[in-house]
Amino acid sequence: MTAASPQAALAQRFRAFLPDSSILVTETERRPYECDGLSVYRRLPLLVVLPEDINQVQRVLRICAELAVPVVARGAGTGLSGGALPLTDGVLLSLAKFNRILDIDPLNRTARVQPGVRNLAISEAVAEHGLYYAPDPSSQIACSIGGNVAENAGGVHCLKYGLTVHNIVQLGIVTMDGEQFTVGGTGLDAPGYDLLALMTGSEGLLGVIVEVVVKLLPVPDTAQVLLAAFDDVVPAGDAVGRIIGAGIIPAGLEMMDNPAIRAAEAFAHAGYPEDAAAILLCELDGSRAEVETDVMRVRKLLAQCGAREVRIARDADERALFWKGRKAAFPAMGRISPDYYCMDGTIPRHRLPEVLSGIETLSRDYGLPVANVFHAGDGNLHPLILFDANRPGELQRTEEMGGKILELCVAVGGSITGEHGVGMEKINQMCSQFSAAELTQMHAVKAAFDPAGLLNPGKAVPTLHRCAEFGAMHVHDGQLPFPELERF
Amino acid sequence: MQTQLPESLLDSPQGREADAILRRCVHCGFCNATCPTYQLLGEELDGPRGRIYLIKQLLEGEGDADTVRTHLDRCLTCRSCETTCPSGVKYSRLLDIGREQAERQGTRPWQQRVMRWGLRQLLPFPRRFALLLGLARVLRPLLPQSWATALPAVNKASVAGANIAVRHPRRVILLDGCVQSVAAPEINCAAARVLDHLGISVQRVTDGGCCGAVEQHLSAPQVAAQRMRRNIDAWWPLTEAGAEAIVSTASACGLQVKDYGHLLRDDPLYADKAQRISAQVKDIAELVADSPAPSSAGPRPRVAFHSPCTLQHGQRLGGVVEQILRDWGFELTPVADGHLCCGSAGAYSLLQPVLSDRLRADKLVALRRGSPQVIASANIGCLMHLRQGAESSLPVRHWVELLADCLPNK
Ligand SMILES: Cc1cc2nc3c(=O)[nH]c(=O)nc-3n(C[C@H](O)[C@H](O)[C@H](O)COP(=O)(O)OP(=O)(O)OC[C@H]3O[C@@H](n4cnc5c(N)ncnc54)[C@H](O)[C@@H]3O)c2cc1C
Ligand code: SF4
Ligand code: SF4
C-alpha cells in the first residue's frame, strides 16, 4: 500500500477534533479560498480548516508544526495585498467562525471580541452605550478585527483617533507551536516590551490572533461633514494642507477624483457633484460650540482655496450617505471596469499635486485609466488602476505601472504602504524601501516567534535573495527610478 | 473579476449574461457581511462571494455540481447581498443560472427530488392546498404543537365583508395569490377596504393562478413560464380596459410579476406583453404611500415591522411601509438587523429547516426587543413563518390589516 497523500494524512489528523464540514478537502470547496480581496493573485490551498474554538486552533497549529506544514491565517478575506493568499502545500486557517462579541465593559470602555468579528459589528453592538470603535477601514462592514490587527488597518477616522494599534489594549495569540499567550493588558500601559505594537501589523507572520480587547470611545456630542467640490484637483490638495496647517484636526479628511466620484455616486446616491474634478469630505466632531467654529473656519478656507461649492450634511442621515459613497468607492469601480488594482502609497501631503500629475503621465503611457481616492488628511493615497484581467498581458502592465507609482511615492519621501500591508503584492517594493541590514533584523524578529518559518512564509518581508533578483531587474544603467526627483 | 467561460457557453445569451455578472464582481466581500447564512455559518462557500465563485467554477467547467448545488440550496434568495453590493452585481440572476446548471450537471438525491416535486404539486394550487389545510384543521388536536400553531385561523368576520362594490373611477386588479387566498383571505379583504377608503376600487380576476414563484425557485422555470403566460392572458383584458395597476399584498408574488418582463424576454409572443404587465405591478405600499393618511388618530398598537426580503431587497421598497405606518399614527419599535431574512424564503423553511429555524429565532428576538403589541409584515410566507414561532399573545399580521382596523365602522 502506498502512503496516504499529505493532504489525506493531515485531514485524517484534523478529523479527530473537527467535524467533516470544517475541513475542506475537495478542489471545488477549496477554490473559493484561493484568493482574498486581490483576486488576480490565486493559489489553491492544500486544505482549508474552519475551527471554532481556541483549543481547535492550538491543535491545528501543533499538528502543522509537527509535520512542518505551513499555515496561512485568514479573517474575512478582504485584504488587498494578498496577505491571506494560501500556499499550495499549506493549510489555510479560517477564523471566520470566531464571530462572537464576548464581553462589553461600558465603564472601562472596552470590548473583548473574537478575531472574526466584523469591524462594524463592534460599533453596532456598543452603540446602545453611546460608544464606538474608532478605526473604520472602508471595508469595515466586512473585514474582521483579527485582520485589522494583522494589517494595522486604518480608516477615515484614523486621522484624529489613530490606527488599529492605538485602539486595542490586549491580544490573545497562539504561536506556531500551539502555545497560547496574552500581550498587552487592560490598563493603559503594560510592563516589559510593547509586544502589542509588534504583533499589530505583523500580517500573520508571528502568531495567530485568537482574541482582541478593543478600546471604545464615546460617540462625540456633535459631528458635521462638509462636502467641497473643486474644478481642479490641485486646489483641493492645497485645501487639505491649509486645513491641517490652521491647526484643525478633522475627524476625517478625504478626497476623491472625478472617476471615483461618479462610480461611488452610482451606488450610494449621496448627491455628489458628478461633474466636479475632485471633492473633499471633511468631518469635524467634538462639542457643539467647537464644531460650529471649526465648520465656519473650514468653510472659509475651502472657499479661499477655490472650492466652487461647499455643502454641509443636513442631518445624520445625509452625513452617513456622504461616507457611504466614499467607503464603497473601491468596489463601486466594478461598475466602470471589470477589475481594479488598488495601490496604497503614502506621500508627504504637500507633494500631492506632483504625484497626481506623475500618475496621470503613467496612466497615459500605459494606456490604463486611474481613479484616485485619498485619505488626504494623513497622506495615504489609493490610486485605483482600472484594467481588464481577461485581456492578455493587461495584468502584467497594471502591476508594472503599480510598481512605478509606488516608486514615485518613495521618491517623494513617502512609503509603499499606508494601511493595506505588504502581503504578497508589495514584497518586491520592500526591497526599495529597506536596506539589507533592516530586512535582516526583521527576519530575526520573525525567527524569535516562529523559528521554523511556517506562519505565512514568503509574505511581508522579502528574503535578501529575492531583493537581489528584484534589484537586478529594476536598477537600469545604474540609475534609480525617477532620477529627477529630490531624495530625502 | 477574471473569467474563463468556454466559448460554447459565451455563444448563448445565458452564458453571456452570466459572464457579464461575474466580471462585475470585484471580490470585495462586502456582501458576506449582510448575508444571513454567512453570518450563521462563517463559511465562504455559504456566503454570496463564495457562491458566486462556485457558480463561476461550474460555468468554467470545473466544479463538482453536487457540491455547488448543496451550497446554492442553502441560499435563501433573499438578495440582501444585492442591496449591499457597491458594484451592482445581479446575484439572483446569476443564481438562477447557477442553479439550473447544477441541477442539469449533477444528481439530486431522490428524497430531495420527491420533496421538491411534492411542493410544486401543492403550493401553487389553491384548491389542493385548501384541501390539505382543511384536513389539518380537523386534525389539529393530533398535530405536533409547532404545526398546530402554524395553521392559519380563518377570520370569518372580515372575510364576510369582502365584496365591496366597484364604485370609483380609479380601479386596480388585486392579485389573489395561491397560498394567501386560502391561508389568509382576510388580508385582501382588508386591502380592498383600505383602497376603497382611498378612492380606489378593486377588481378580482378569477382565472389567473399562482404567479410562478414557487416553480421558479424550485428549479422548474418552464412550468413557471407557463403560469406567467396564463396570468398575462387573464389580466390583459382588464388592464386594457383601464385598470391602472396590478396590485399585490404579498411582496414575493409582486416581485415575481415585476420580473415577468425579464423572465419572458426571449418569448416571441409574450415578451412585449410581459414587459407592460411588469411595469404595471405595484406592491400595495406603493399605492397607499401616494395617498394622504386619515387625519383622525385613535389609539394605535405599538408595532414591530419586519420588512420581507422580497419587499426591501427584491422590490427595493425598504422604509416605505414603515413611513406609512408612522403617517397613520402607529409607533414603530426599533428592530435590529432589519436587513436579515426571517428564514421563511418560500419553500426554504421546509427544505432547510435547521437554518430556517435559527433565522426565525434570531428574528423574533430582534422583533420582540422593543416590546411591541403586534408584529406586522408584508408577505404571506413571512407572516405564517413568524406566527409559527411567536407566542399566541403576540399577534402577527399584515400591515394593511392594521390600517383597515383604523377605518370607521369596520
Ligand atoms: C473595498 C475595500 C476597502 C478597504 N479599505 C481599507 C481601508 O480603508 N483601510 C485599511 O486599512 N484597509 C482597507 N482594506 C483592506 C482590508 O479590508 C484590511 O486590510 C483588513 O484589515 C483585512 O481584514 P480581513 O479580516 O479581511 O483579513 P484577511 O484579508 O483575511 O487577512 C489579512 C491578513 O491578516 C492575516 N490575518 C487575518 N486574520 C488573522 C488572525 N486572526 N491572526 C493572524 N493573522 C490574521 C492574514 O494572514 C493576512 O495576512 C480594504 C479592502 C477592501 C476590499
Ligand atoms: S459585494 Fe458585490 S462586488 Fe463585492 S464580492 Fe459581493 S458581489 Fe462581488
Ligand atoms: S441571497 Fe441572501 S442568502 Fe443568498 S447569498 Fe445573497 S444574502 Fe446570502
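Values below: every heavy atom of this structure, side chains too, minus hydrogens, waters and symmetry copies. Computed from a predicted structure; not experimentally measured. In what follows, chains carry the letters A, B, and so on, assigned in the order in which the sequence lines appear, proteins first and then strands, with residues in each chain numbered from 1.
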So which part of [X] gets closer than 4.5 Å to some heavy atom of chain B, the side chain, the backbone, both or neither?
X        : answer
A:Gln140 : neither
A:Ser144 : neither
A:Leu24  : side chain
A:Arg74  : side chain
A:Lys324 : neither
A:Phe98  : neither
A:Glu128 : side chain
A:Arg118 : side chain

*So what's closer than 4.5 Å to chain A heavy atoms on B:Arg51: side chain, backbone, both or neither?*
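The answer is neither part of B:Arg51.
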_Is B:Thr70 in contact with chain A via its backbone, its side chain, both, or neither, using a 4.5 Å heavy-atom distance?_
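For B:Thr70, no heavy atom lies under 4.5 Å from chain A.
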Atom [atom1] in [X], atom [atom2] in [Y]: separation rounded to 0.5 Å?
X        : Y        : atom1 : atom2 : value
B:Asp337 : A:Glu124 : CG    : CD    : 6.5 Å
A:Thr26  : B:Asp66  : OG1   : CG    : 11.0 Å
B:Cys85  : A:Phe267 : SG    : CZ    : 7.5 Å
A:Ser21  : B:Leu45  : OG    : CG    : 11.0 Å

Most chain A-contacting option - heavy-atom pairs closer than 4.5 Å, from [options]:
options                             : value
B:Lys56, B:Gln39, B:His71           : B:Gln39
B:Ala33, B:Ala336, B:Gly88, B:Gly50 : B:Ala33
B:Asn32, B:Thr34, B:Leu41           : B:Leu41
B:Leu40, B:Thr84, B:Leu22           : B:Thr84

*Is atom CZ of A:Arg100 surrounded by more than 12 heavy atoms (other residues, nucleotides or ligands) closer than 6.0 Å?*
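Result for CZ/A:Arg100: open.
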*For B:Arg24, does its backbone N or O pair with a side-chain atom of A:Arg335 as donor and acceptor, under 3.5 Å?*
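Such a contact is absent between A:Arg335 side chain and B:Arg24 backbone.
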*Within residues 306-323 of chain B, which positions have a heavy-atom distance to chain A below 4.5 Å?*
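Within residues 306-323 of chain B, no residue comes under 4.5 Å from chain A.
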*Donor on one side chain, acceptor on other, A:Asn390 and B:Thr3, under 3.5 Å*: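 Side-chain D/A pair, A:Asn390 to B:Thr3: present.
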Below 4.5 Å, heavy atoms only, C-beta onward: do [X] and [Y] meet side chain to side chain?
X       : Y        : answer
B:Cys28 : A:Thr78  : no
A:Cys35 : B:His27  : yes
B:Val26 : A:Asp339 : no
A:Thr28 : B:Leu58  : no
B:Glu43 : A:Tyr33  : yes

*Against chain B, work out which of A:Gly334, A:Ala263, A:Ser337 has the most heavy-atom pairs shorter than 4.5 Å and name it.*
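Looking at each of A:Gly334, A:Ala263, A:Ser337 in turn, A:Gly334 comes out on top.
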*What residue, out of A:Met333, A:Glu34, A:Glu27, has the most heavy-atom pairs lying under 4.5 Å from chain B?*
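Greatest number of close heavy-atom pairs with chain B: A:Glu34.
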*Are there residues of residues 48-57 of chain A that reach to under 4.5 Å of chain B by heavy atoms, and which ones?*
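Residues in range: A:Leu50.
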*Do NZ/NE/NH1/NH2 and the carboxylate oxygens of B:Glu44 and A:Lys97 come within less than 4.0 Å?*
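Salt bridge flag = no for A:Lys97 with B:Glu44.
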*asked:* Salt bridge check, A:Asp388 against B:Arg23: does any charged N sit closer than 4.0 Å to a carboxylate O?
replied: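 A salt bridge is present here (some side-chain N lies under 4.0 Å from a carboxylate O).
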_Nearest non-hydrogen partners of B:Tyr53 and A:Pro32, listed with the distance_ =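 Closest approach of B:Tyr53 to A:Pro32: CD2-CA, 3.5 Å.
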*Would you name the heavy atoms of A:Ala96 and B:Tyr38 that are closest together and state the gap between them?*
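Of all heavy-atom pairs spanning A:Ala96 and B:Tyr38, the closest is CB-OH, 3.5 Å.
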